[in-house]
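A short write-up of the structure that comes next.
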2 protein chains.
Amino acid sequence: MPNDTKTALLDSAERAARTLGFNGFSYSDLAEDVGIRKASIHHHFPSKAALSIALMERYYQSLESACAKIDLEHDTGSTRLAALINTYYGALDDGQSLCLCVSFSTSTESLPSEVIDQMSRFRSMMLNWLSAVFLLGKEDGTIENVADPALEASATLPMIEGAQLAARTEKNPQLFDSAMKLLLSRLH
Amino acid sequence: MPNDTKTALLDSAERAARTLGFNGFSYSDLAEDVGIRKASIHHHFPSKAALSIALMERYYQSLESACAKIDLEHDTGSTRLAALINTYYGALDDGQSLCLCVSFSTSTESLPSEVIDQMSRFRSMMLNWLSAVFLLGKEDGTIENVADPALEASATLPMIEGAQLAARTEKNPQLFDSAMKLLLSRLH
DNA sequence: GTCTATAAATCGATAGAC
DNA sequence: GTCTATCGATTTATAGAC
């Protein structure tokens, strides 16, 4: 690791962004958390816009890896879908945190257009992955009542994201569980 | 009555909050929009926290009325559900705006706890209304495949909210439509 | 009720020493 | 790479005249 400080800044910023939103933390907060002075942050990330791009880039790759890992560890449609839902449940962190994409969605006006594009690509990737999972579940019979896998994906991703947002608002992960119950009841 | 300054401030603040988020507008912006000086706003709303409470209070009543109006104008489960989806589609304003509750969900850290409680009550009201609609649709046969109305409601509200958020992020109302397609295909 | 004027704090960002 | 010091802009909020 040639630059440990940079990684520490990304970690701190991601944690802050996912719990408080992109406008909910400052360079001052990061500095205190990481243990350097705030002016020093500009050496690693010249602007907060540059930091947001780096955060989203890393997050994209992280979720892409997570989906690939799910594919390796599970070989049915239902178990893969359940694993993804579990990933989002974990990201909730007991009702305090959001997926970075959902969190950034709430501050679009403060983000550079490049990040908006990154978020669009992120959601496309997730939709493609979900479509493949629903298709597999339809073919292997582990997901009930799948007519159109792409339509299922288009409905499922916003539901997961919306449920996460609602659960975080009330700091109650139970809200996420209730929202997932109907979908989970279709898995075998 | 529409020339009332307090109402004009609420209108301006609601528009700004739903497009830019609660932290996306300032008293300075409101002042310019309404045509008074920013210090004068404090006479109507002593703090931004007080303004947020008034906004959410008005929004709760507005949606409660909208649901009651839907009940009056439509008498089947499917037409009532379609009318609510249409209401949220309209609130999207071509991909630029959000339901106030979703918008506020994205700035929870900046809001007084009273507003968090108001949002909780708002979502409870919507869940109750949706449950009743799914129950009616199950009984009158206009919504396909309803096993548990409360579970359907718990999944549907976050889906609508999440779809609105995604569509606003990419400024593309088509994303909202795609997310609703599966649910709409169950209506008769 | 609205105004001018200003306080007090915080923000992202820059310059330049070491 | 990190530091001190500071800038300029913006924020919510207050005091007091009219």
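Letters A, B, ... are given to chains in the order of the sequence lines, protein chains preceding strands, and every chain is numbered from 1.
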Touch class at under 4.0 angstrom, heavy-atom based, for B:F25 against every strand present: sugar-phosphate
Proximity to the side chain of B:H42 - top-ranked nucleotide from D:dA13, D:dC3, C:dC3: D:dA13
side-chain N/O B:S47 vs D:dT12 OP1/OP2, d < 4.0 Å: no
CD/A:E64: more than 12 non-hydrogen atoms of other groups inside 6.0 Å: yes
Protein-nucleotide distance (A:L30, atom CG; C:dG12, atom C1'), rounded to Å: 12 Å
Closest nucleotide among C:dA13, D:dT4, D:dT2 to the A:H44 side chain: D:dT2
B:I36 CD1 - C:dC3 P separation (whole Å): 6 Å
B:G35 vs B:K38, nearer the 5' end of DNA chain C by closest nucleotide: B:G35
Distance in angstrom units between B:Y27 OH and C:dC3 C1', rounded: 17 Å
Spacing of B:L20 atom CG relative to D:dT11 atom P, expressed in whole Å: 12 Å
Aromatic ring pairing A:F104/A:F22, orientation class (parallel under 30°, perpendicular over 60°, tilted between): perpendicular
Rounded distance (Å) that lies between atom C1' of D:dA13 and atom CG of B:D29: 16 Å
Among D:dT11, D:dA5, D:dT2, the nucleotide that comes nearest once only the side chain of B:S28 is considered: D:dT11
Residue A:R37, side-chain atoms from C-beta onward, closest of D:dA13, D:dC3, C:dC3: D:dC3
Between D:dA13 (P) and B:K48 (NZ): distance, integer Å: 9 Å
Shortest side-chain distance from A:H43, nucleotide among C:dC11, D:dT2, C:dT4: D:dT2
Between C:dT10 (P) and A:I41 (CD1): distance, integer Å: 16 Å
Partners meeting ring pair (Phe, Tyr, Trp, His ring centres under 6.0 Å) with A:Y59 (sequence neighbours left out): A:F122
Sugar-phosphate only, base, or nothing, as touched by B:S26 at under 4.0 Å among non-hydrogen atoms: sugar-phosphate
Presence of A:S40 side-chain N/O under 4.0 Å of D:dC3 phosphate oxygens OP1/OP2: yes
Pair listing, salt bridge (charged side-chain N to carboxylate O under 4.0 Å, His left out) test, anchored in residues 68-94 of chain B, at least two apart: B:K69-B:E73, B:D71-B:R80
Side-chain donor-acceptor contact under 3.5 Å, A:Q118 with A:E114: no
Distance in angstrom units between A:K6 NZ and D:dT2 C1', rounded: 16 Å
